[in-house]
Participant: 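Questions regarding the structure given below will be posed in turn.
The analysis underlying the following values was restricted to heavy atoms, covering all of them including side chains, and did not include hydrogens, waters or symmetry mates.
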Amino acid sequence: MPKTEVKLHYKNVMADVIGNEHGITPEQLKDLAEKTSPLILRLNKERQGGETPYRDLPYNSQITQQVEELAKELRGRCENLVVFGIGGSALGNIALQTALNPYMHNLDDTQRSGPRLFVFDNIAPEQLSSFLGWLGDKLDKTIFNAISKSGWTAETAAQFMIVRQLLLDKLGPDDCKKQIITTTDANQGILRRIANNAGFRSLVIPEGIGGRFSVLSVVGLFSAAMCGIDIDSLLEGARDMDTRVSCEDFYENPAAINAAINYHFYNQGKKISVMMPYSYHLKDLADWYRQLWAESLGKKEDLAGNEVHIGPTPVKALGTTDQHSQVQLYREGPNDKLFTFLQVRNFDKDIKIGPAPDYAQELGFLAGKDLSELLNNEKGATEYALLESKRPCLTVLFDRVNAYTVGQFIYLFEVTTSFAGALFNINPYDQPAVELGKEATFALMGKPGDYEPGYTCEEFAKEIQSLNKIDEKSLV
Ligand code: PA5
């Protein structure tokens, strides 16, 4: 595959484009370079010291080999691959599938080289019930991949328990085993215990890698390899980006610049970060980014233990769709946002717009043009309109959308997140606030035992219920 690059274009956040009040002046950029440059050295050192193991995933040939071997073995007898997982155990899988497989992958056999893929990152009963109704007796041609790093997530556990029983009832214990793959920690968590006891095949998530940084591990690579995505190119893209984001020169390091610009605008009161892909294929990468950014940077305490309540709010929009729903606000509402467009230079497939009817010749200006030309001009037009309103705009430019560039993009934003964490002086790798919700769910669902020493889950549930109780007097 020819090497194509993903590049960050930052001219349109600068003061010479949108003015001194809202743009970054050359002096401010110089200050950002001075503040960020030592962090490049720090992150490189932390990485060499093994403190950020996600950075090494693209080099882990053991993972690739294991995933490829398993995919090779299963693809022949698998028509449907079902992923059960949530957050970091699902969003990467969805993003890779949308980015790299055709839109009609699941519906058109001729556009698919592997199984259909269904990722359930929700527990809406109607959704799963409709799916299982469609699946009917195709259970023996379906592989279920339950993914949970902690092994303790209620949603994934419930989905797994529903399907396990179904498989046991319909196929019996021996064949049930053939249809389930678990992806979890090597030692911890109940999913690990289940896999070991039941003898389910299992993929191990390497230690020290949080869900939202795990897409380039077995978490994202297995479904990708099963569904025909070139995981070698994906990882090669990530490795090549690694060289660029390790560069000690701030001005040559796209992750450092990206994080510094985001940090600057946050401090200038632009606390909302809108990612707006102008490519349907890239739309779920914006969802993946939303989790990465929100869960990593939204923190109560800084590294010194001060209460800071910090974190930019990531918003996803899709071009051109959201031009017709959001741009009114983006241009005329508060100037509190930084925009990051994703733009594709070359599309693998294009369609020419047909001629205008004789009686509607006013549309002749569109006739014969490529649809991609319209799409990219819409991006240009929206960016222009935002710049007219003094709104800062970054663009991540994809030469093409392929496994290699998507690998670059993923790695670029993972490392950008690490830089942003360092600039905000917070720990981007934990998620204590998510944990509380998980524990509260367990308590409400009747988990026995203590929530904390001297405080039972039952008591905890009562405390939650007193807040949840619908007050008839407040119902209107
Ligand atoms: O990034 C994270 O750590 C979270 O979003 C988790 O991925 C999510 O909560 C699911 O957790 P688990 O994989 O442990 O089931």
Side-chain angles (χ1 to χ4, degrees), residues 5-14 17-18 23-24 28-44 47 52 54-55 212-213 237-238 240-268 270-278 282 285-286 288-298 310-317 337-343 383 386 391-399 405-426 428:
E5 295 283 8
V6 163
K7 297 251 168 151
L8 180 74
H9 180 250
Y10 64 92
K11 186 186 92 187
N12 290 342
V13 299
M14 299 301 292
V17 179
I18 55 171
I24 300 179
Q28 286 170 329
L29 188 65
K30 201 162 152 267
D31 289 348
L32 287 171
E34 270 165 30
K35 184 165 176 69
T36 312
S37 293
L39 300 178
I40 302 178
L41 303 180
R42 188 180 113 193
L43 257 59
N44 285 348
R47 186 256 176 88
T52 45
Y54 83 85
R55 297 282 305 258
R212 56 194 179 277
F213 290 90
D240 287 354
M241 182 54 77
D242 184 21
T243 311
R244 290 168 59 199
V245 297
S246 304
C247 175
E248 291 178 12
D249 179 353
F250 172 80
Y251 295 98
E252 293 295 322
N253 185 322
I257 293 200
N258 195 14
I261 289 171
N262 273 273
Y263 171 76
H264 169 85
F265 283 116
Y266 181 88
N267 289 329
Q268 298 293 314
K270 299 190 199 315
K271 295 184 192 288
I272 299 173
S273 165
V274 179
M275 181 172 279
M276 192 164 183
Y278 270 75
L282 301 178
L285 276 170
W288 168 85
Y289 152 80
R290 214 163 44 138
Q291 184 209 5
L292 181 69
W293 208 240
E295 228 169 74
S296 303
L297 303 180
I310 219 158
T313 300
V315 170
K316 169 202 183 174
K337 300 171 192 70
L338 166 64
F339 295 89
T340 301
F341 294 107
L342 309 188
Q343 183 181 350
E383 186 176 21
L386 289 169
R391 316 285 150 136
C393 296
L394 290 168
T395 295
V396 179
L397 209 49
F398 284 68
D399 202 9
T405 53
V406 168
Q408 286 190 53
F409 175 85
I410 286 171
Y411 205 86
L412 169 63
F413 273 83
E414 285 179 343
V415 180
T416 297
T417 306
S418 291
F419 275 115
L423 284 162
F424 285 119
N425 195 33
I426 49 95

Participant: Hey, what do you get for CG (N267) to CD1 (I310), rounding to the nearest 0.5 Å?
Facilitator: 7.0 Å
Participant: Show the numbers, then the answer: is there a side-chain contact (heavy atoms from CB on, under 4.5 Å) between I410 and V406?
Facilitator: CA-CA 6 Å; I410 286 171; V406 168; 4.0 Å; yes
Participant: Between C393 and V13, is any pair of side-chain heavy atoms under 4.5 Å apart?
Facilitator: no
Participant: Suppose we screen for salt bridge (Lys or Arg N to Asp or Glu O under 4.0 Å). Which residues come up paired with K270, at least two apart in sequence or across chains?
Facilitator: none
Participant: How long is the span from the OG atom in S296 to the OH atom in Y289, to the nearest 0.5 Å?
Facilitator: 10.5 Å
Participant: Considering only heavy atoms from C-beta outward, does the side chain of L282 approach that of F409 to under 4.5 Å?
Facilitator: no
Participant: Between F250 and A256, what is the shortest heavy-atom contact and its length?
Facilitator: CE1-O, 3.7 Å
Participant: In Å, rounded to the nearest 0.5 Å, how long is the span from CZ of F398 to CD of Q408?
Facilitator: 8.5 Å
Participant: What I want to check is whether the side chains of Y54 and S418 have a donor and an acceptor closer together than 3.5 Å.
Facilitator: yes
Participant: Drop me the distance from L297's CG to N262's CG, to the nearest 0.5 angstrom.
Facilitator: 8.5 Å
Participant: Is it true that D242 and R47 make a salt bridge, defined as a side-chain N closer than 4.0 Å to a carboxylate O?
Facilitator: yes
Participant: Using a 4.5 Å cut-off on heavy atoms from C-beta on, say whether the side chain of Q343 contacts that of L397.
Facilitator: yes
Participant: How close do Y263 and K35 get, heavy atom to heavy atom, and via which atoms?
Facilitator: OH-CE, 3.1 Å
Participant: State, to 0.1 Å, how close A422 and L43 come at their nearest heavy-atom pair, and which atoms those are.
Facilitator: CB-CD1, 4.1 Å
Participant: Is there a donor-acceptor pair closer than 3.5 Å between any side-chain N or O of N12 and the backbone N or O of L394?
Facilitator: no
Participant: Out of curiosity, F413 CZ to T340 OG1, how far, rounded to the nearest 0.5 Å?
Facilitator: 5.5 Å
Participant: Any side-chain heavy atom of V17 within less than 4.5 Å of one from K11?
Facilitator: yes
Participant: Using every non-hydrogen atom in the two residues, find where C247 and I40 come nearest and quote the distance to one decimal.
Facilitator: O-CG2, 3.3 Å
Participant: Going through the distances and angles, do T395 and L342 end up as a side-chain contact (heavy atoms from CB on, under 4.5 Å)?
Facilitator: CA-CA 6 Å; T395 295; L342 309 188; over 6 Å; no
Participant: What pair of heavy atoms forms the shortest contact from I426 to P428, and how long is it?
Facilitator: O-CD, 3.2 Å
Participant: Go through it in stages, so that I can follow the logic: the residues are E5 and T405, the test is side-chain contact (heavy atoms from CB on, under 4.5 Å), and I'd like the CA-CA distance, side-chain angles, deciding distance and then a yes or no.
Facilitator: CA-CA 6 Å; E5 295 283 8; T405 53; over 6 Å; no
Participant: What distance do I261 atom CD1 and Q28 atom CD have between them, rounded to the nearest 0.5 Å?
Facilitator: 11.5 Å
Participant: Quick one: does any side-chain atom of Y411 pair with a main-chain N or O of R55 as donor and acceptor, under 3.5 Å?
Facilitator: yes
Participant: Is the shortest heavy-atom distance from the side chain of L29 to the side chain of I257 under 4.5 Å?
Facilitator: no
Participant: Could you tell me whether the side chain of R244 reaches within less than 4.5 Å of the side chain of K7, counting heavy atoms only?
Facilitator: yes
Participant: Flag the pair F424 / Y266 as yes when their ring centroid distance falls below 6.0 Å, and as no otherwise.
Facilitator: yes
Participant: Of all the heavy-atom pairs spanning F341 and L386, show the shortest one and how long it is.
Facilitator: CZ-CD1, 3.6 Å
Participant: Applying salt bridge (Lys or Arg N to Asp or Glu O under 4.0 Å), can you list everything that pairs with E295, at least two apart in sequence or on another chain?
Facilitator: R212
Participant: What verdict does the side-chain contact (heavy atoms from CB on, under 4.5 Å) test give for L412 and V245, after you've listed the backbone C-alpha separation in whole Å, the side-chain angles of each residue and the deciding distance to 0.1 Å?
Facilitator: CA-CA 7 Å; L412 169 63; V245 297; 4.1 Å; yes
Participant: What I'd like to find out is whether the side chain of M275 reaches to under 4.5 Å of the side chain of K316, using heavy atoms alone.
Facilitator: no
Participant: Does some side-chain heavy atom of L41 sit less than 4.5 Å from a side-chain heavy atom of E248?
Facilitator: yes
Participant: Distance-only, no hydrogens or angles: does the N258 side chain make a donor-acceptor pair with backbone N or O of T416 under 3.5 Å?
Facilitator: no
